[in-house]
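Accompanying notes for the structure given below.
Counting starts at 1 for both ligands and their atoms, following the listed order. In this chain, residues are counted from 1 in sequence order. Values below: every heavy atom of this structure, side chains too, minus hydrogens, waters and symmetry copies.
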Amino acid sequence: MSADKPGAAGSAPEHAGSVLQRKASLVDMLDPLSFGDVVESLGELFRVGIRVLDERGRTLADAKGGNGDFCGFVNTTAQGRARCTALVARLNEGPLTPTQGAQVLPGTSPLGGELLGQPCFTGLRYVVMPVQWEGDFLGRVVFGPFAPEELTDVPASLAELEGLDLDRARELLAHMGRQSEHRVAKMLAHVAQVLAALLAAGQKSYLTGQLHLEAMLETQRDLEAQNAQLMRLNQRLKEADRIKSSFLGTVSHELRTPLSSIIGYSEMLAEGLVGGLNPEQMQFVRTIIEKGNTLLKLISSILDMSQIEAGKVRLAFEWVDVQELVESSLTSVMPQAQRKGLTVKVQLPEAAQPRVVADREKLSQVVVNLLANAVKFTPGGGHVEVRLSAHGQQKDLGVEGYRIEVEDTGVGIPLDQRERIFQSFYQVDDSPTREYGGAGLGLAIVKSYVEGHGGQVSVTSEVGQGSCFRVVLPKEPPLSGQGPAYIPPPIDTDPERF
Ligand code: ADP
């Protein structure tokens with residue numbers, strides 16, 4: 001395991017390159033707490049200082065040996081302190097080569113490299129053992145200071161320190177145990193064995209952890225890439241949707257003007273303004289007016305939807321009498337209901353209710369669209385009922401408001417379609433041979449307008465039995481005051497259609 005770039009100790013793995021190619025540091029592989037305990041107990045056992053440093057010279061574990069009194073006494077002199085500091089710096093960070101008085105010791109170092117013996121000016125000695133692992137230099141163990149067997153008296157280098165009480169120094173030195181070369185070698189081998197065992201275990205768990213982390217990072221990178229791809233697609237879809245809306249808006253606008261003329265002239269013909277018509281001609285003209293009106297409604301819906309999708313619709317709030325609004329909406333579907341032989345009922349609150357804040361035209365369109373659907377999807381002989389509730393606290397909205405329900409005994413809506421029918425251009429039956437006309441826009445418009453008022457629309461239904469559309473609205477739309485409110489464009493256009 002070798003690399004050009006050392007891993008930053010303790011930092012998260014970098015993005016590039018696998019953990020298997022990166023060099024781990026001592027900090028990565030050793031658990032500092034338990035490793036510190038082990039080194040401390042070895043220091044106590046041998047009564048010799050043991051310091052473990054990483055490749056940058058940072059101390060990872062430090063056990064003081066039994067030399068404290070002697071070294072502490074020498075360090076009471078300024079010269080002693082200065083020389084001690086210089087020596088410790090050399091031991092911790094200096095080159096692992098026989099310079100500045102260090103000598104290569106005979107035999108091989110248990111953890112690779114060469115053992116360096118480093119004499120101290122006090123007569124004590126150190127041994128520096130490099131730590132190599134799978135060919136990488138990871139740090140060093142500084143073993144000492146200890147008093148070598150041959151040390152009998154203070155050396156000249158200590159005697160020359162200014163202000164040192166030599167007798168006291170001799171006394172303290174005499175109390176230090178002597179270490180033979182053989183014993184030092186055995187102690188070092190022992191330290192090396194313990195360190196090697198800890199490194200082997202630490203490396204395994206480090207690699208496992210890092211591989212796990214890498215797998216997670218890889219997954220995260222994949223997710224980020226997919227996310228970016230989705231965002232791009234979303235952007236394109238939005239753009240395509242905008243173009244579609246703008247195209248539909250333009251075409252509808254262009255169709256509406258000539259169509260209005262066709263209906264207008266047909267009405268003039270039917271009223272006999274340019275002469276009487278025979279019954280057959282009259283029937284043809286009435287058919288032109290009826291189909292023309294259906295087409296006009298469709299074009300108006302497309303225009304409304306394209307305006308909503310372009311984010312151009314604003315609600316103009318004013319005080320509205322909802323009872324009156326419901327009743328007048330009903331009149332617009334009565335002719336069609338009567339033609340089909342439907343019973344239409346309206347249920348209003350017993351007491352007159354105060355006015356509410358709403359956009360009269362849009363709210364009326366909501367009720368008309370729901371009623372028109374109820375009439376359209378209910379076979380002859382069926383029932384349609386519109387109910388308006390009294391004002392009261394609305395659980396769904398958490399504010400005071402009212403409900404409008406439009407119920408029919410029509411064909412019903414299958415459960416799996418009940419969310420989708422509110423998407424624009426979605427119809428339960430969209431086959432070319434479908435029985436009912438329409439473009440699948442009415443409910444999408446209802447939903448946008450209701451939500452623009454701060455309300456909600458939902459449906460319950462049973463196939464073959466009928467449906468009930470429920471609109472819950474606040475008495476006063478939130479934050480709207482009584483000025484115009486913006487309707488945010490919907491985001492749930494039926495994706496299968498466009
Ligand atoms: P359109 O009525 O023009 O098709 P809408 O958006 O108003 O479009 O309705 C979407 C679809 O929801 C309809 O095509 C129909 O399948 C279903 N739907 C709406 N209202 C009813 C209802 N009262 N009963 C049964 N199905 C309904």
Side-chain angles (χ1 to χ4, degrees), residues 245 248 252 290-291 293-309 313 326 329-330 332-334 336-337 340 342-346 362-387 403-452 456-471 487 489-498:
S245 296
L248 286 178
S252 308
E290 191 194 326
K291 300 293 176 199
N293 277 324
T294 308
L295 200 53
L296 194 61
K297 266 191 217 145
L298 179 67
I299 287 169
S300 300
S301 296
I302 295 177
L303 262 178
D304 287 347
M305 203 58 223
S306 61
Q307 295 282 81
I308 291 172
E309 286 183 349
V313 176
V326 168
S329 306
L330 200 57
S332 70
V333 296
M334 278 314 275
Q336 175 70 3
K340 283 184 84 173
L342 303 179
T343 319
V344 179
K345 275 203 222 154
V346 57
K362 305 282 189 293
L363 191 54
S364 169
Q365 206 174 331
V366 165
V367 182
V368 170
N369 280 4
L370 293 179
L371 279 169
N373 276 348
V375 169
K376 182 161 66 171
F377 293 103
T378 303
H383 302 275
V384 170
E385 180 167 318
V386 54
R387 292 187 289 273
R403 291 185 312 278
I404 302 171
E405 286 167 352
V406 177
E407 191 166 17
D408 63 54
T409 57
V411 295
I413 303 155
L415 186 62
D416 60 333
Q417 313 276 327
R418 280 180 213 159
E419 283 292 317
R420 307 184 70 185
I421 54 172
F422 292 99
Q423 296 169 347
S424 49
F425 298 105
Y426 189 83
Q427 295 179 299
V428 173
D429 177 6
D430 62 353
S431 64
T433 56
R434 68 179 187 273
E435 189 183 339
Y436 308 102
L441 288 174
L443 290 180
I445 293 171
V446 166
K447 189 170 189 295
S448 290
Y449 287 171
V450 169
E451 288 176 358
Q456 288 172 9
V457 56
S458 57
V459 61
T460 51
S461 181
E462 206 161 312
V463 176
Q465 301 291 310
S467 313
C468 180
F469 283 84
R470 187 168 187 257
V471 172
I487 296 196
I491 47 164
D492 55 355
T493 299
D494 178 15
E496 282 166 24
R497 298 295 297 261
F498 290 94

So which atom in [X] and which in [Y] form the shortest heavy-atom distance, rounded to 0.1 Å?
X	Y	result
S329	S364	OG-OG, 3.6 Å
L330	V346	CD2-CB, 3.8 Å
S424	L441	CB-CD2, 3.8 Å

N/O separation below 3.5 Å, [X] to ligand 1:
X	value
L443	yes
F377	no
V411	no

With a 4.5 Å cut-off on side-chain heavy atoms, are [Y] and [X] touching?
X	Y	result
V446	F469	no
R403	R470	yes
V313	K362	yes

Looking only at protein heavy atoms, which one is nearest to [atom], and how far off is it?
atom	result
atom 4 (O) of ligand 1	Q427 NE2, 2.7 Å
atom 23 (N) of ligand 1	D408 OD2, 2.9 Å
atom 26 (N) of ligand 1	I413 CG1, 3.3 Å
atom 10 (C) of ligand 1	Y426 O, 3.2 Å
atom 8 (O) of ligand 1	G440 CA, 3.0 Å
atom 7 (O) of ligand 1	N373 ND2, 2.7 Å
atom 12 (O) of ligand 1	I421 CG2, 3.2 Å

Which of the atoms of ligand 1 are close to [X], meaning less than 4.0 Å from one of its heavy atoms?
X	result
L441	6 (O), 8 (O)
K376	1 (P), 2 (O), 3 (O)
G442	5 (P), 6 (O), 7 (O), 8 (O)
F469	20 (N), 21 (C), 22 (C), 23 (N)

How far apart are the C-alpha atoms of V459 and I413, what are their side-chain angles, what is the distance that settles it, and do they pass the side chain to side chain contact (heavy atoms under 4.5 Å, CB included) test?
CA-CA 9 Å; V459 61; I413 303 155; 4.1 Å; yes
For ligand 1, note which part of L370 has a heavy atom under 4.0 Å away: side chain, backbone, both or neither.
neither
Contact between [X] and ligand 1, counting heavy atoms under 4.0 Å?
X	value
F422	no
Q417	no
S467	yes

Nearest 0.5 angstrom please: [X] [atom1] to [Y] [atom2], how far?
X	Y	atom1	atom2	result
Q423	K447	CD	NZ	9.0 Å
L303	L296	CG	CG	9.5 Å
Q365	S448	CD	OG	10.5 Å

Strictly distance-based, threshold 3.5 Å: is any side-chain N or O of R418 a donor or acceptor partner for the main-chain N or O of S461?
yes
